[in-house]
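Reading through the structure tokens given below for one structure.
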Amino acid sequence: MRRNVWYSAGRAVVAAYMRLMIDLDIAGPEPAPPAPQLIVANHPSTTDPFYLPLLFHHPIDMLLIDSAFRFPLLGAYLRRAGQVCVTRDAGTAAFVEAQRRLEAGRAVAIFPEGNISPREGGTLPLHTGAARLALLTGVPVVPVGIYLPRTRARNIRGRIGRRPLNGYWYLRGPYAVTVGRPLRFCGNVDDAANVAAVTQVLMEDIHALANESERRFHVRFNTAQV
């Protein structure tokens, strides 16, 4: 119960902020499938984990890199809201926790690039964790493609103790998102070729959806697409 209160409160705060500062444009199939589901999205800005929950009516458990949890207040909130911390030396534990939550009927979101997308555009090569979770659990995978004008993201640097932190925060402007139709995968998770094939399908779907989000952005704001 406590987790739902924290999650709901944080979602309400972000929703209020977005109404004032972010021009959110969402397209995709309706209604969204119920949990359990695995949500996979590209990651053009540090703020994507804050905005992603607004696309779905049910709670989402997100896998987030440990740097987000190092901020004293933000980290405390993320833990109480039930988000999953992913550390470089304990990634297996986060993977097992994500699998447990999917099998318990929850919705889990992952940014399979593992880091922020390149500033010049496109995405990083996807890690195989999302494909392996899909094969292990059999839950539907919901791909999401995000587009934002990356030159408007602010590069905010900081430091927690001796560790430098660097992020591209998108705090104001248009934010276009396309939610794809659910995908289902089957096969042997120990078959490297099968895992690679599923990862390729996810990458192509995410790219296509991000391109659709970009197309709508340029049509809406009457700008030339490069």
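Each of Val86, Asn42, Leu52 was evaluated against Phe111; a single residue qualifies, Leu52, per the side-chain contact (heavy atoms from CB on, under 4.5 Å) test. For the pairing with Ile39, the side-chain contact (heavy atoms from CB on, under 4.5 Å) check across Val144, Val179, Val141 returns one residue only, Val144.
Note on Leu20 and Ile26: same hydrophobic cluster, where clusters join Ile, Leu, Val, Met, Phe, Trp and Tyr whose side-chain heavy atoms are under 4.5 Å apart, directly or indirectly. Leu171 and Tyr147 fall into different hydrophobic clusters, where Ile, Leu, Val, Met, Phe, Trp and Tyr side chains are chained together by heavy-atom contacts under 4.5 Å. The same ILVMFWY cluster, assembled from side-chain heavy atoms under 4.5 Å apart, contains both Val198 and Leu63. Both Leu24 and Ile60 belong to a common hydrophobic cluster when Ile, Leu, Val, Met, Phe, Trp and Tyr are linked at side-chain heavy-atom distances under 4.5 angstrom.
Within the 3.5 Å criterion, the main-chain N or O of Gly138 finds a donor-acceptor partner in the side chain of Arg184. In terms of modelled atom types and a separation under 3.5 Å, the side chain of Glu113 and the main chain of Leu124 share a donor-acceptor contact. The backbone N or O of Thr128 sits nowhere less than 3.5 Å from a side-chain atom of Thr199 that would complete a donor-acceptor pair. When atom types are taken as modelled, the side chain of His43 and the backbone of Ser45 share a donor-acceptor pair closer than 3.5 angstrom. In terms of modelled atom types and a separation under 3.5 Å, the side chain of Ser213 and the main chain of Ile146 share no donor-acceptor contact. With hydrogens and angles ignored, the 3.5 Å screen pairs a side-chain donor or acceptor of Arg119 with a backbone N or O of Arg150.
Nearest heavy-atom pair, Met18 versus Leu54, reported as atom, atom and distance to 0.1 Å: SD-CD1, 2.9 Å. Scanning both residues, Val14 and Tyr51, for their nearest heavy atoms gives CG1-CD2, 4.0 Å. Of all non-hydrogen atoms in Leu133 and Ala98, the two that sit nearest each other are CD1-CB, 4.0 Å. Shown here for Arg11 and Tyr77, the closest heavy-atom pair between the two residues is N-OH, 4.3 Å. Among all heavy-atom pairs drawn from Ile65 and Gly114, the shortest one is CG2-O, 4.1 Å. Here the closest non-hydrogen pair linking Pro149 and Pro174 is CD-O, 3.7 Å.
Between the side chains of Asp48 and Tyr175, at least one donor N or O lies within less than 3.5 Å of an accepting N or O. For Thr178 and Arg216, the side-chain atoms include at least one donor-acceptor pair closer than 3.5 Å.
The CG atom of Leu64 lies 6.0 Å from the CD atom of Gln83; values are rounded to the nearest 0.5 Å. With rounding to the nearest 0.5 Å, the separation of CG in Leu38 from CG in Leu102 is 5.5 Å. Ile22 contributes atom CD1, which lies 9.0 Å from atom CG of Leu148 (distance to the nearest 0.5 angstrom).
Residues Asp23 and Phe221 are in side-chain contact: their nearest non-hydrogen atoms beyond the backbone lie under 4.5 Å apart. Side-chain contact check for Asp61 versus Arg106: some heavy-atom pair is nearer than 4.5 Å. In this structure, the side chains of His207 and Thr123 come closer than 4.5 Å at one or more pairs of heavy atoms.
Both tests do not hold together for Arg79 against Phe69: distance to the six-membered ring centre under 6.0 Å, angle to the ring axis within 45°.
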Under the criterion side-chain contact (heavy atoms from CB on, under 4.5 Å), I'd like the reasoning laid out for Phe95 against Arg132: C-alpha separation, chi angles, the key distance, then a yes or no. CA-CA 9 Å; Phe95 181 92; Arg132 290 186 289 120; 3.7 Å; yes

Passes side-chain contact (heavy atoms from CB on, under 4.5 Å), Val40 versus Val142? Steps please. CA-CA 6 Å; Val40 294; Val142 180; over 6 Å; no

